[in-house]
Amino acid sequence: MNNINSHSFFLVDDLSKGFLRGSIFKNIFDPYKYVVTNITKMTDEEALMYKIQTYEFVKKELTIYLSNYPYDKDALESLNRINMERKKMIDEFERKYHSLSSGSFPTKGYFGKRVYK
C-alpha cells in the first residue's frame with residue numbers, strides 16, 4: 001500500500017471515479033477484488049443524488065487529509081470549492097425534488113406550491 005506521507009497532494013481528475021474506487025488521491029489506491037467503473041441508467045433525480053454523494057465523499061476525504069496537513073493551501077482551496085459546488089447541488093436537488101435533511105428549509109407545500117419566500 002502506498003503511503004500518503006511520501007507524496008504531495010494530487011486529486012484524481014474525475015471525482016466520480018475517485019468515489020467509485022474509494023480514494024480521491026491519485027497516488028494512493030490499492031484496487032479491491034471487484035472494481036465498479038461506471039453506474040448507468042439513472043433518473044435525473046438519482047444522477048443528482050449520486051453527484052451529491054460523490055462531493056460529500058470528497059469533502060470527507062479532504063477534511064481527513066487536512067487534519068493531518070492543515071497548511072496545505074491546495075487542499076484547502078479544493079475543499080472550499082467542493083463545499084460551494086456541493087451546496088449548489090443540494091439547493092438544486094431540494095428545489096426540484098425534496099428536502100435531504102430535517103434541517104432543510106421547506107420550500108414546497110403538499111401540492112407543490114411555494115409556502116415560504
Side-chain angles (χ1 to χ4, degrees):
M1 184 162 117
N2 293 326
N3 184 350
I4 195 166
N5 295 323
S6 65
H7 301 283
S8 56
F9 175 76
F10 293 110
L11 280 178
V12 293
D13 298 326
D14 182 354
L15 296 179
S16 180
K17 286 183 182 176
F19 176 60
L20 289 174
R21 73 183 199 165
S23 176
I24 61 168
F25 301 101
K26 286 182 183 178
N27 50 351
I28 56 168
F29 174 62
D30 288 330
Y32 304 113
K33 184 176 181 180
Y34 303 105
V35 177
V36 178
T37 57
N38 195 12
I39 296 177
T40 58
K41 296 187 180 181
M42 289 189 272
T43 65
D44 290 343
E45 181 180 358
E46 292 168 336
L48 185 53
M49 177 58 77
Y50 173 77
K51 200 168 182 184
I52 292 169
Q53 290 172 331
T54 298
Y55 275 68
E56 185 67 30
F57 172 76
V58 171
K59 178 186 115 174
K60 288 177 182 171
E61 288 280 287
L62 286 173
T63 301
I64 292 168
Y65 177 84
L66 284 165
S67 294
N68 292 304
Y69 304 98
Y71 302 109
D72 189 328
K73 289 182 182 181
D74 292 336
L76 188 58
E77 288 173 10
S78 294
L79 179 62
N80 289 334
R81 190 185 79 247
I82 291 296
N83 278 331
M84 287 188 326
E85 289 298 317
R86 186 181 138 276
K87 176 71 173 127
K88 287 178 192 175
M89 286 184 273
I90 288 172
D91 290 345
E92 178 184 352
F93 186 92
E94 290 182 338
R95 191 177 61 254
K96 286 182 177 179
Y97 306 110
H98 55 81
S99 61
L100 292 174
S101 69
S102 60
S104 297
F105 188 74
T107 56
K108 293 183 179 179
Y110 288 108
F111 303 106
K113 294 185 277 179
R114 255 183 114 74
V115 177
Y116 301 98
K117 292 183 182 183

(message) Can you tell whether the side chains of Asp91 and Lys87 come within less than 4.0 Å, N to carboxylate O?
(response)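 Salt bridge between Asp91 and Lys87, a charged N being under 4.0 Å from a carboxylate O: yes.
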
(request) Would you check if Val58 and Arg86 make a side-chain contact, meaning some heavy-atom pair closer than 4.5 Å? (result)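 SC-SC contact between Val58 and Arg86 ruled out.
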
Going from [atom1] on [X] to [atom2] on [Y], what distance comes out if it is rounded to the nearest 0.5 angstrom?
X	Y	atom1	atom2	result
Glu56	Glu61	CD	CD	11.5 Å
Lys59	Asn83	NZ	CG	6.0 Å
Ile24	Leu62	CD1	CG	4.0 Å
Ser99	Ile90	OG	CD1	11.5 Å

(request) Could you tell me which residues satisfy ring-ring contact (aromatic ring centres under 6.0 Å, His included) with Phe93, sequence neighbours excluded, listed by chain and number? (result)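 Result, ring-ring contact (aromatic ring centres under 6.0 Å, His included) vs Phe93: Tyr97, His98.
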
(request) Can you sort out the partners of Met42 under side chain to side chain contact (heavy atoms under 4.5 Å, CB included), two or more places apart, ordered by chain and number? (result)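 Side chain to side chain contact (heavy atoms under 4.5 Å, CB included) check on Met42 returns Ile39, Glu46, Ala47, Tyr50.
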
(message) Restricting to side chain to side chain contact (heavy atoms under 4.5 Å, CB included), what partner residues turn up for Asn80, sequence neighbours left out?
(response)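 For Asn80 the side chain to side chain contact (heavy atoms under 4.5 Å, CB included) partners, ignoring immediate neighbours, are Leu76.
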
(message) Looking at every non-hydrogen atom in both residues, tell me the closest pair between Gly18 and Phe57 and how far apart they are.
(response)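 Looking at all heavy atoms of both residues, the shortest contact is O-CE2, 3.8 Å.
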
(request) Apply side chain to side chain contact (heavy atoms under 4.5 Å, CB included) to Thr54 and Leu20, showing your working. (result) CA-CA 9 Å; Thr54 298; Leu20 289 174; over 6 Å; no

(request) May I ask you to check whether Tyr55 and Phe19 place their ring centers less than 6.0 Å from one another? (result)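 Distance test on ring centres: not under 6.0 Å, no.
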
(request) Go through the steps to decide whether Lys51 and Leu15 satisfy the test side chain to side chain contact (heavy atoms under 4.5 Å, CB included), and finish with yes or no. (result) CA-CA 9 Å; Lys51 200 168 182 184; Leu15 296 179; over 6 Å; no

(request) Could you walk me through whether Glu92 and Lys96 pass salt bridge (charged side-chain N to carboxylate O under 4.0 Å, His left out), step by step? (result) CA-CA 6 Å; Glu92 178 184 352; Lys96 286 182 177 179; 2.9 Å; yes

